[in-house]
There are 2 protein chains.
Amino acid sequence: MDEATTQKKDIILNAAIKVFAEKGYYSSRTLDISNEAGVAYGSLYHYFRSKDDILMSIFQERWNLLIAKVRQVREQGSGPEEQLGMVIDFIFRSYRQNPDLLKVMIMDVPRLDKFYNPENWKLYNLFFRGLMEIFHEGQEQGVFAADVSPILATIIMHGAVDATIRQYVYNPEFNKEEFPVEEARGQIMMVLRRGFSKKVEGEKS
Amino acid sequence: MDEATTQKKDIILNAAIKVFAEKGYYSSRTLDISNEAGVAYGSLYHYFRSKDDILMSIFQERWNLLIAKVRQVREQGSGPEEQLGMVIDFIFRSYRQNPDLLKVMIMDVPRLDKFYNPENWKLYNLFFRGLMEIFHEGQEQGVFAADVSPILATIIMHGAVDATIRQYVYNPEFNKEEFPVEEARGQIMMVLRRGFSKKVEGEKS
DNA sequence: GTGTCGATTGACTGATCAGTCACTTCATGG
DNA sequence: CCATGAAGTGACTGATCAGTCAATCGACAC
C-alpha cells in the first residue's frame with residue numbers, strides 16, 4: 001500500500017470518525033462520509049469494502065496505537081503504579097485530542113455485530129493482557145494486593161475510565177467546568193491506587 | 001390502562017428484550033418481535049407508537065425498578081458500605097435472572113439517539129443521585145474518604161459493574177466457569193471498599 | 001502520440017423494513 | 001341480539017440506502 005493510498009484512507013477514516021460521532025453509526029449515511037472527506041461517493045468503495053469495514057478499520061488502527069502505548073510503557077519500566085497511570089493518561093489525552101474518536105470507540109464499535117469476531121477479540125484482549133501483566137508484576141513486587149484477580153482489576157480499571165469518558169461525552173448534567181479532565185484522571189488514579197494497593201501496615205515488599 | 005393491556009405490553013416488552021439481546025436493536029425486525037411475542041405484527045403498533053418507543057419503554061420500566069431498589073436500600077438504613085453492596089448485588093442478581101435485559105440496557109439503550117432526551121436523563125441521573133447520597137453520607141460518617149468526589153465515586157462504581165457484566169455478556173475468552181458472578185461481585189466490592197474507604201489508621205469516625 | 005492501468009466519479013438499483021390501514025373478531029352492555 | 005368500540009390482523013407501500021458499475025480522468029511508460 002503506497003503512501004498516497006494510506007493518506008487517502010486516513011482522510012476517509014477521519015471523516016468517518018467525525019460523522020459517526022455526530023450521528024451514530026447506524027444513522028450515518030455513507031454519503032455523509034464521502035462529503036465530509038471531500039471524495040466521491042464511489043471512492044469509499046475503492047478504499048474500503050463496506051461501511052462496516054470502515055468502522056472496523058477505525059477500531060483496528062486506533063486500538064493498535066493503544067496497545068503500542070502499553071508496550072512502550074512496559075518497556076520503559078517504571079513502577080507498576082506509574083505504568084497504570086501512564087496508560088490512563090494516554091486514554092484521557094486521546095479524549096482531549098479527539099473526543100469524537102473516543103465516542104466512536106466506546107459507543108459505535110462495540111455495538112456492531114461484526115465487531116465480535118475472533119480477530120478483533122484477539123486484538124481487544126491484547127490490551128487487557130498488557131494491563132494484566134503490569135498488575136501481576138505489581139502483585140509480585142508487593143505493590144498491589146495479592147487477593148485481587150488481575151483480570152478483575154483490569155476490568156474495573158477499564159470500566160472506570162470508560163464510564164468517566166462516557167459522562168464527558170454524553171451527560172449534559174455532568175459539569176465539565178467544575179470537573180476538568182485532569183481532576184477526573186487524578187481521582188480515578190487515587191481510588192484505583194487505594195483499591196488495588198496492598199495494605200500499608202508492616203508488609204515487606 | 002387496564003390490567004389486560006399492561007399484561008400484553010409486558011409480553012411484547014419481554015419478547016423485544018429477547019430479540020434485541022439476540023440481534024441488537026438495529027438488526028432486529030419488528031416482525032421478529034411480534035413473532036416472538038406471539039401477537040400479530042400490527043398489534044405492536046396498537047400498544048406502542050414505534051420501535052423506538054418499545055426500547056424506551058424497556059429502559060424506563062426497568063430503570064425505575066433499579067431506582068426503587070436504591071430507595072428501598074436507603075430507607076432500610078444500614079451502613080453506607082452495606083447499602084452500596086446491596087445495590088451492586090441487585091444489579092448482579094438482575095443479570096443472573098435475565099442476562100438479556102442487562103445486555104439490552106447496556107448495549108442498545110445508550111446507542112439510540114432518542115434515548116438522550118431530558119426526560120430520560122432525569123431518570124438516569126436519579127439513580128446516580130441515589131448512589132451519591134449514600135456515598136456522601138458515608139463521607140459524613142467518616143466511612144468513606146473525604147477527598148474523593150461522590151460524583152466520581154459513583155461513576156467509577158457504575159463503570160466497574162458495567163464493564164464486568166459486559167465481559168460476561170460478550171467476551172468469549174472470559175472464563176465464566178472460573179469466574180462465577182459471585183466471585184466478581186465480591187472482588188468489585190473489595191476493591192471499591194478499599195478504594196473509597198478512609199485510611200484505617202487512627203481516625204475517629 | 002498512444003496505450004495501460006489505477007484512481008475517481010455519481011447515477012442507478014435492488015433489497016429492506018417501519019409503519020399504515022382497511023378490515024375482521026371479540027367483549028361488553030343495553 | 002344488536003350496537004359500539006376496542007383489540008387484533010397482515011398485506012401493502014413509500015422511503016431509504018448500501019453497494020455497483022460503466023464511464024471518465026490522469027499519470028506515466030514507451
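Note that these values count all heavy atoms, side chains included, but never hydrogens, waters or copies made by symmetry. Chain letters run A, B, ... following the sequence lines, proteins first, then strands; residues in each count from 1.
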As a test of reading the structure: which of [options] is closest to the side chain of [X], going by heavy atoms?
X       : options               : answer
B/Lys51 : D/dG19, C/dG19, C/dT9 : C/dG19
B/Thr5  : D/dA7, D/dA18, C/dT20 : D/dA7
A/Tyr47 : C/dA18, C/dT9, C/dA7  : C/dA7
A/Lys8  : C/dT8, D/dT20, C/dG19 : C/dT8
A/Ala40 : D/dG8, C/dC17, C/dG10 : C/dG10
A/Arg29 : D/dC17, C/dA18, C/dT8 : D/dC17
B/Ser43 : D/dA18, D/dG8, D/dA7  : D/dG8
B/Thr30 : C/dA18, D/dT20, D/dG8 : C/dA18

Separation of [X] atom [atom1] from [N] atom [atom2], in whole Å?
X       : N      : atom1 : atom2 : answer
B/Leu31 : D/dT9  : CG    : P     : 13 Å
B/Arg49 : C/dT20 : CZ    : C1'   : 16 Å
B/Ile54 : C/dG19 : CD1   : C1'   : 12 Å
A/Ile12 : C/dT9  : CD1   : C1'   : 13 Å
B/Asp53 : C/dG19 : CG    : C1'   : 13 Å
A/Tyr45 : C/dA11 : OH    : P     : 16 Å
A/Asp32 : D/dT16 : CG    : C1'   : 13 Å
A/Tyr25 : D/dC17 : OH    : P     : 13 Å

Validate the cation-pi geometry between B/Lys9 and B/Phe48: distance from NZ or CZ to the six-membered ring centre under 6.0 Å, angle to the ring axis within 45°.
yes

Pick the nucleotide of DNA chain C nearest each of A/Leu44 and B/Ser27; which residue has the one closer to the 5' end?
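Nearer the 5' end of the strand: A/Leu44.
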
Which is more 5' along DNA chain C, the nucleotide nearest A/His46 or the one nearest A/Gly42? Just name the residue.
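Nearest-nucleotide comparison on DNA chain C picks A/His46.
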
Taking side chain to side chain contact (heavy atoms under 4.5 Å, CB included) as the criterion, tell me which of A/Glu36, A/Lys23, A/Glu22 meets it with A/Ser28.
A/Lys23

Regarding B/Ser28, tell me which of base, sugar-phosphate or nothing describes its non-hydrogen contacts under 4.0 Å with the strands shown.
sugar-phosphate

Could you tell me whether B/Phe48 contacts a base, only the sugar-phosphate backbone, or nothing, with contacts defined as non-hydrogen atoms closer than 4.0 Å?
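Contact class for B/Phe48: none.
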
Phosphate OP1/OP2 of C/dG10: any A/Tyr41 side-chain N/O under 4.0 Å
no

Passing option when A/Trp63 is tested against A/Phe127, A/Trp121, A/Phe115 for ring-ring contact (aromatic ring centres under 6.0 Å, His included):
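Between A/Trp63 and the candidates, ring-ring contact (aromatic ring centres under 6.0 Å, His included) is satisfied uniquely by A/Phe127.
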
Aromatic ring pairing B/Tyr168/B/Tyr95, orientation class (parallel under 30°, perpendicular over 60°, tilted between)
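Plane angle between 30° and 60°, so tilted.
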
Is the ring pair B/Phe135/B/Phe196 parallel, tilted or perpendicular, if the boundaries are 30 and 60 degrees?
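Plane angle over 60°, so perpendicular.
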
Around B/Lys51, counting heavy atoms of other residues, nucleotides and ligands shown, do more than 12 lie under 6.0 Å from its NZ?
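Enclosed: over 12 neighbouring heavy atoms sit under 6.0 Å from NZ of B/Lys51.
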
